[in-house]
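Please read the structure below before turning to the comments.
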Amino acid sequence: MCHFTQRSSTLSFQKICNIFWRFHHTSTSHLCSCSKTVSDEKYQDPFQLGRKDLKNLYEDIKKELLVSTAELKEMCDYYFDGKGKAFRPMIVVLMARACNIHHNNSREVQASQRSVAIIAEMIHTASLVHDDVIDDANSRRGKMTVNQIWGERKAVLAGDFILSAASVALARIGNTTIISVLTQVIEDLVRGEFLQLGSKENENERFAHYLEKTFKKTASLIANSCKAVSILGCPDPKVHEIAYQYGKNVGIAFQLIDDVLDFTSCADRLGKPTAADLKLGLATGPVLFACRQFPEMNAMIMRRFSKPGDVERARKYVLQSDGVQQTTYLAQRYCHEATREISKLRPSPEREALIQLTEMVLMRDK
């Protein structure tokens, strides 16, 4: 992992980021703290540890999508082919086990907790289908998007159907608190999309706008899903807050690294085109940091990189600046906060796997 020194030219902006950092990290009680942040347990592979609870995940999702129309079924099943990372369901089942162990040393995932993992993946996938329509995307996970194959109208309906099936599964859990927590995710997804459609002229407001959009579009699903399984497994509100804060911080870090990879990874590795955000007119973390060193980028940001040559010039500025490094550094800070939160739970293999997961988020290349 790279460590980066702060340049004097970005010091004032770093102070601004510190303000946003404090805004995003209101303190939670330390009364739950059971150990030091540094792990004293042996390395735990999150994917291996979560595999048992995620077995037949996609088959179970497809059971929720029972439809009579062959074409709609084909569209809904398209992304549930078992080739995704299942990153969100894995976090959810690991959090469920960690909270269960913390509460009463139970090492089993409840059926309702596993249902939350299924619902989280369904909501996520529905949002991908809708995002691809909004962005007119051509590829996703290394293959053509639903909207490119079946058209925009049918893609919107397929996303709606997946979302409705997730809502039915959510209602089946029969817990009004869990329904409230997870429906917040859907509201945040919509609000986040509207935030993405807008922009701020003031550069300080622009960064706050970017972090709020990142939370709503990406981190809210992880945060609230983690909170939901903690509620189902443990009655302590402090544990619910720990689970939520872990998910929030990991989710924001995940998206920050995603925004970095848009500049540093190749299209074949990502499974989608690079510089995609610039082409959509979006100013992500690397761009906002780079703008401090290249103020001429401000005009490009405000016109959403719409003039010929804007995308190429902006990409060049980002790669010449420390924007990628500073965004990675910010992601490291969010991961450190996630580790600090989850370390308040009782030691367990699942807790250690969640700590290890923060490292995997930072080191991923796709």
Side-chain angles (χ1 to χ4, degrees), residues 44-65 76-101 107-129 140-141 159 162-163 165-170 172-173 175 178 181-186 188-189 217-233 243-244 246-251 253-255 258 271 338 342 348-351 353-358 360-361 364 366:
Q44 296 290 342
D45 183 344
F47 287 94
Q48 288 293 335
L49 203 56
R51 181 171 293 175
K52 172 189 172 184
D53 298 309
L54 297 181
K55 186 179 180 182
N56 300 323
L57 172 76
Y58 291 106
E59 287 79 359
D60 290 341
I61 288 175
K62 289 176 182 178
K63 289 175 184 175
E64 299 286 348
L65 297 169
C76 292
D77 289 352
Y78 188 67
Y79 286 140
F80 298 121
D81 56 3
K83 295 180 181 178
K85 294 184 286 290
F87 175 74
R88 289 154 189 83
M90 181 186 60
I91 290 181
V92 172
V93 296
L94 289 175
M95 182 61 73
R97 281 177 173 267
C99 291
N100 293 352
I101 291 168
R107 294 187 176 271
E108 295 301 315
V109 173
Q110 301 171 23
S112 59
Q113 290 174 318
R114 189 174 183 276
S115 292
V116 171
I118 289 173
I119 292 162
E121 185 68 359
M122 293 174 74
I123 293 174
H124 171 60
T125 302
S127 75
L128 295 184
V129 175
R140 167 81 64 179
R141 295 176 179 173
I162 295 170
L163 205 53
S167 300
V168 171
L170 177 57
R172 202 181 300 127
I173 293 176
N175 185 312
I178 301 305
V181 168
L182 290 181
T183 51
Q184 180 64 49
V185 174
I186 300 172
D188 284 344
L189 283 168
K217 283 203 65 177
T218 303
S220 174
L221 174 60
I222 301 173
N224 284 295
S225 297
C226 285
K227 182 178 181 179
V229 292
S230 74
I231 292 170
L232 289 167
Y244 178 87
Y246 174 87
K248 182 181 87 168
N249 284 287
V250 165
F254 185 92
Q255 187 58 50
D258 208 58
I342 200 65
S348 67
E350 286 76 12
R351 189 197 74 167
L354 288 167
I355 291 172
Q356 182 60 34
L357 195 70
T358 65
M360 295 174 69
V361 165
R364 71 190 184 95
K366 64 177 181 178

Check your understanding: Is the closest side-chain heavy-atom distance between Val129 and Arg140 below 4.5 Å?
Key -> no
**Study point:** Distance in Å, Lys63 NZ paired with Glu59 CD, rounded so as to fall on 0.5 Å steps
**Key:** 8.0 Å
Practice item. Using distance alone, with no hydrogens and no angle criterion, decide if Gln113 and Asn100 have a side-chain donor and acceptor under 3.5 Å apart. Key: yes
Check your understanding: Would a distance-only check, ignoring hydrogens and angles, find a side-chain to backbone donor-acceptor pair under 3.5 Å from Thr358 to Ile355?
Key -> yes
Exercise for review: Nearest 0.5 Å please: distance from the CG atom of Leu94 over to the CZ atom of Phe47.
Suggested key: 9.5 Å
Check your understanding: Once you round to the nearest 0.5 Å, how far does CG of Leu232 lie from OG of Ser112?
Key -> 4.0 Å
Check your understanding: Which pair of non-hydrogen atoms, one from Met122 and one from Ala165, has the smallest distance, and what is that distance?
Key -> CE-CB, 3.6 Å
**Study point:** Ile162 vs Ile61 side-chain heavy atoms within contact, under 4.5 Å
**Key:** no
Review point. Do Ile123 and Leu189 touch side chain to side chain, with heavy atoms closer than 4.5 Å?
Key: yes
Review point. Any side-chain heavy atom of Val93 within less than 4.5 Å of one from Glu350?
Key: no
Check your understanding: How long is the span from the CG atom in Asn249 to the CD1 atom in Ile342, to the nearest 0.5 Å?
Key -> 11.0 Å
Review point. What residues, two or more places apart in sequence or in another chain, satisfy ring pair (Phe, Tyr, Trp, His ring centres under 6.0 Å) together with Phe87?
Key: Phe254
**Study point:** Closest contact, heavy atoms only, Ser348 versus Ile101
**Key:** CB-CD1, 3.8 Å
Review point. Do Ile91 and Tyr246 come within less than 4.5 Å of each other through their side chains, counting heavy atoms only?
Key: yes
Give the table of side-chain donor-acceptor pairs shorter than 3.5 Å for residues 221-229, with sequence neighbours excluded, one pair per line with atom names and distance.
from: Asn224; atom 1: ND2; to: Ser220; atom 2: O; distance (Å): 3.0
from: Asn224; atom 1: ND2; to: Ser220; atom 2: OG; distance (Å): 3.0
from: Ser225; atom 1: OG; to: Leu221; atom 2: O; distance (Å): 2.6

Revision key, fill the gap. Salt bridge (charged side-chain N to carboxylate O under 4.0 Å, His left out) pairs touching residues 111-123, sequence neighbours excluded, are Asp60-Arg114
Review point. Is Lys217 close to Gln255 at the side-chain level, that is, under 4.5 Å between some pair of heavy atoms?
Key: no
**Study point:** Reported NZ-to-CZ distance for the pair Lys52 and Arg97, which is rounded to 0.5 angstrom
**Key:** 5.0 Å
**Study point:** Nearest heavy-atom neighbours spanning Val250 and Ala338
**Key:** CG2-CB, 3.6 Å
Point to revise | Audit row: Ile119, Ile173, side chain to side chain contact (heavy atoms under 4.5 Å, CB included) steps and yes/no | key: CA-CA 11 Å; Ile119 292 162; Ile173 293 176; 3.9 Å; yes
Exercise for review: Please round to the nearest 0.5 Å and tell me the distance separating atom CD1 of Ile186 and atom OG of Ser167.
Suggested key: 4.5 Å
Check your understanding: Going by heavy atoms in the side chains, are Asp45 and Leu49 under 4.5 Å from each other?
Key -> no
Check your understanding: Under 4.5 Å between any side-chain heavy atoms of Glu64 and Cys76, yes or no?
Key -> no
